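Note that the structure is predicted; figures quoted are calculated from it, not measured.
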Amino acid sequence: MFRKIVLIALFCFYTAGLMAKESESKQSEASKTPSIIDYQSIHHPVIARNGMVVSQHYIASRVGRDILQQGGNAVDAAVATGLALAVVLPRAGNLGGGGFMLIHSAKDNKTIAIDYREMAPLKAHRDLFLDENGDVDNMKARFSHLSAGVPGTVAGLDLALKMYGTMSWPELIEPAIKLAEEGFEVTWDLAANLENRSSSMQAATTRKAFYKADGTGYQQGETLKQPDLAWSLKQLQKNGKKAFYEGEIAERLVADMEKNDGIISLQDLANYQPKVREPLKGDYRGYQVVTMPPASSGGVHLLQMLNVLEQYPVSEYGVNTAQSIHLMTETMKLAYADRSKHLGDMDFYNVPIKWLTSKKYGKELAAKINMENSTPSSEIEAGVKPKYESPDTTHFSVVDKWGNAVSNTYTLNFSYGSGIVAEGTGILLNNEMDDFSAKPGSPNGYGLIGGEANAIEAKKRPLSSMTPTMVFKDGEVKLVTGSPGGSRIITTVLQMVVNFIDHGMNVATATHSPRIHHQWLPDMLMIEPAINKDTQNLLKQKGHKLFQSSTMGSTQSIQVDDYIYGSADPRRPNAEAAGF
């Protein structure tokens with residue numbers, strides 16, 4: 001008996017020792033300083049162990065984080081975040097728009113691209129927006145029912161969930177329904193934005209959705225409820241995407257179109273299909289950059305510009321010095337000149353992707369750059385392929401504890417799209433038809449010039465600048481990023497990648513650094529206010545025409561290292577990195 005008691009005591013002592021060591025190990029691990037945190041820096045990301053969602057609105061970020069905490073994966077969280085943004089960020093989050101999503105599946109080490117860009121209706125034609133004189137009618141192209149393409153957001157989120165999600169559509173849409181039905185607190189930013197946009201949002205249905213019954217705007221701290229949008233979300237919860245493309249939502253959308261000279265039909269909605277595409281991949285200084293193919297122009301030109309920059313010692317030039325800004329600017333001009341001629345929906349046009357993104361072509365372009373003087377845009381033409389070969393968009397990024405990642409950019413095009421809410425749905429209509437070339441050679445709403453490759457054609461997807469991107473090292477995700485900003489999206493993402501790889505910045509420092517932009521035409525170098533005066537003077541001496549811009553882009557990014565690090569861009573109020 002005594003021997004038995006001794007053995008039990010020894011076992012208990014041994015077990016207690018193991019538990020103490022395990023506890024000590026966990027405490028040691030918990031107190032370990034994250035590797036990228038440098039207290040000499042003034043820029044620090046949000047740190048998480050198990051998952052992170054970074055979006056332009058804190059409510060949507062927290063909705064996504066809650067899904068991760070419930071055991072959902074990155075795609076589950078992305079779907080819930082996208083649906084929540086449709087409620088709390090109406091100027092860009094949407095059900096009535098479209099976009100692009102990159103998904104990285106850690107299980108099979110595969111990355112796919114989902115193209116859920118809007119499509120031109122069957123009745124669309126190349127002269128849709130030309131008046132009797134053959135000139136572009138911008139009001140028709142941007143602020144009418146005709147300006148809406150067939151929406152793809154619902155179909156895109158649905159496809160992502162079916163391919164890689166683990167939770168059900170009804171449970172992921174529930175938070176959005178609650179936000180629309182019970183309302184959410186209006187921020188100062190939303191109140192001010194709706195006030196500023198009031199004159200362009202005069203449709204009765206739009207006033208009903210976003211303004212009070214007496215016509216006045218909501219104030220900070222008041223509650224905005226969207227009962228018609230809640231109805232649409234409930235239809236989606238009950239009947240899935242079929243409600244949007246064939247059911248009661250579809251019927252209301254088409255009835256509104258017919259009432260207001262729009263051309264989207266029930267057949268257009270029933271025919272809409274998102275596309276799974278092979279993402280574009282390029283190598284840059286030992287990293288692999290994975291990004292979106294056309295109808296996004298962003299991925300092609302991101303890789304093209306990186307191929308040019310790789311020919312120069314960018315890190316030696318320093319961050320935002322006159323020399324580095326000059327190089328970036330000349331590179332941007334060359335890429336945007338090519339964009340005007342060579343990019344379009346690759347289901348309709350043979351986009352020369354391989355040539356544009358080749359290292360050989362990158363070297364040829366790099367050789368054209370004069371490091372002493374700016375080359376006028378009038379002297380730059382789109383390259384000739386060898387014979388043998390919207391500002392208010394929004395982006396969110398998600399990473400889960402299993403290593404899955406989502407980079408998603410979607411949009412209505414302009415802020416609040418066309419400014420028109422489809423009657424009885426609470427859904428804002430996009431004005432993406434303006435992203436086509438209404439007339440080759442005429443600029444769109446962002447000043448971008450397009451050609452035949454992007455002419456209006458039924459069932460075609462308009463060219464976009466959206467550039468959801470992931471950066472890998474040795475097969476592992478290191479950076480997930482993207483941005484809104486219309487034509488400035490591509491250059492914003494470029495600078496994030498260069499800051500991260502060339503300048504070794506952590507995700508927060510890379511996000512906070514001042515930005516520049518040049519798009520070939522008009523011939524002006526846009527700079528954020530933080531670019532110092534001495535640098536500006538040196539750039540002027542090189543022949544650059546400077547334009548003092550507002551802030552550019554709103555990157556919502558995640559860095560993966562020993563921990564998961566998130567950074568919401570401070571350029572837009574209410575953005576948040578939410579992790580746990």
Would you indicate whether the side-chain heavy atoms of [Y] and [X] approach each other to under 4.5 Å?
X: Arg277; Y: Asp347; answer: yes
X: Asn94; Y: Tyr410; answer: yes
X: Leu309; Y: Thr331; answer: yes
X: Thr491; Y: Ile516; answer: no
X: Leu463; Y: Asp345; answer: no
X: Phe580; Y: Leu68; answer: yes
X: Leu334; Y: Asp338; answer: no
X: Met346; Y: Ile353; answer: yes

- Pairwise salt bridge (Lys or Arg N to Asp or Glu O under 4.0 Å) hits with a residue in residues 495-509, at least two apart: Arg285-Asp502
Considering all heavy atoms, the nearest [X]-[Y] contact:
X: Ile264; Y: Gly149; answer: CD1-O, 3.5 Å
X: Gly344; Y: Val351; answer: O-CG2, 3.4 Å
X: Asn408; Y: His395; answer: O-ND1, 2.9 Å
X: Ala60; Y: Ser55; answer: CB-OG, 3.8 Å
X: Ser41; Y: Thr509; answer: OG-OG1, 3.8 Å
X: Leu306; Y: Leu494; answer: CD2-CD1, 3.7 Å

Using 4.0 Å as the upper bound for N to carboxylate O, is an ion pair formed by [Y] and [X]?
X: Lys459; Y: Asp268; result: no
X: Arg571; Y: Asp569; result: yes
X: Arg91; Y: Asp189; result: yes

Point-to-point distance, once rounded to the nearest 0.5 Å, from [atom1] of [X] to [atom2] of [Y]:
X: Glu182; Y: Ile177; atom1: CD; atom2: CD1; value: 11.0 Å
X: Leu280; Y: Lys354; atom1: CG; atom2: NZ; value: 13.5 Å
X: Ile114; Y: Ile103; atom1: CD1; atom2: CD1; value: 4.0 Å
X: Tyr287; Y: Asp474; atom1: OH; atom2: CG; value: 9.0 Å
X: Ser61; Y: Glu576; atom1: OG; atom2: CD; value: 5.5 Å
X: Asp435; Y: Ser465; atom1: CG; atom2: OG; value: 7.5 Å

State whether the side chain of [X] and the backbone N or O of [Y] hold a donor-acceptor pair below 3.5 Å, judged by distance alone.
X: Ser232; Y: Ala230; value: no
X: Ser464; Y: Ser296; value: no
X: Tyr336; Y: Ser487; value: yes
X: Gln235; Y: Ile249; value: no
X: Asp400; Y: Ala74; value: yes
X: Tyr272; Y: Tyr116; value: yes
X: Asn430; Y: Gly96; value: yes

- Test Asp115 against Arg461 for side-chain contact (heavy atoms from CB on, under 4.5 Å), laying out the working first. CA-CA 10 Å; Asp115 178 346; Arg461 298 169 198 253; 3.4 Å; yes
- Message: Using the rule given for side-chain hydrogen bond (donor to acceptor under 3.5 Å, both in side chains), can you reason through Arg339 versus Ser297, listing the C-alpha separation, both sets of side-chain angles and the distance that settles it, and then say yes or no?
- Response: CA-CA 7 Å; Arg339 184 190 189 278; Ser297 64; 2.8 Å; yes
- Message: For Gln556 and Ser554, which I'm curious about, is there any donor-acceptor pair between the side chains at under 3.5 Å?
- Response: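 Yes.
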- Query: Regarding Gln56 and Thr394, is there a side-chain donor-to-acceptor distance under 3.5 Å anywhere?
  - Reply: yes
- Message: Set out, in order, the CA-CA distance, both residues' side-chain angles and the distance that settles side-chain contact (heavy atoms from CB on, under 4.5 Å) for Val87 and Phe184, then state yes or no.
- Response: CA-CA 9 Å; Val87 182; Phe184 63 96; 4.0 Å; yes
- Item | Residue Lys110 excluded, over 12 heavy atoms near NZ under 6.0 Å | no
- Query: Tell me, which pairs form a ring-ring contact (aromatic ring centres under 6.0 Å, His included) where one or both residues lie in residues 62-112, sequence neighbours left out?
  - Reply: His104-Phe472
- Name all pairs fulfilling the ring-ring contact (aromatic ring centres under 6.0 Å, His included) condition that reach into residues 35-63, sequence neighbours left out, sorted by first residue then second. Tyr39-His44, His43-His512
- Message: For a side-chain hydrogen bond (donor to acceptor under 3.5 Å, both in side chains) check, start with the C-alpha distance between Thr166 and Asp76, then their side-chain angles and the critical distance, and finish with the verdict.
- Response: CA-CA 7 Å; Thr166 64; Asp76 298 322; 2.5 Å; yes
Please enumerate all residues that pass side-chain contact (heavy atoms from CB on, under 4.5 Å) together with [X], with sequence neighbours excluded.
X: Asn307; result: Glu310, Lys359
X: Lys162; result: Asp158
X: Glu246; result: Lys242, Ala270

- Qualifying residue, where the test is side-chain hydrogen bond (donor to acceptor under 3.5 Å, both in side chains) with Arg515 and the options are Asn499, Thr551, Thr555, Thr492: Thr555
- Passes side-chain contact (heavy atoms from CB on, under 4.5 Å), Glu174 versus Glu171? Steps please. CA-CA 5 Å; Glu174 182 62 32; Glu171 58 188 325; 5.6 Å; no
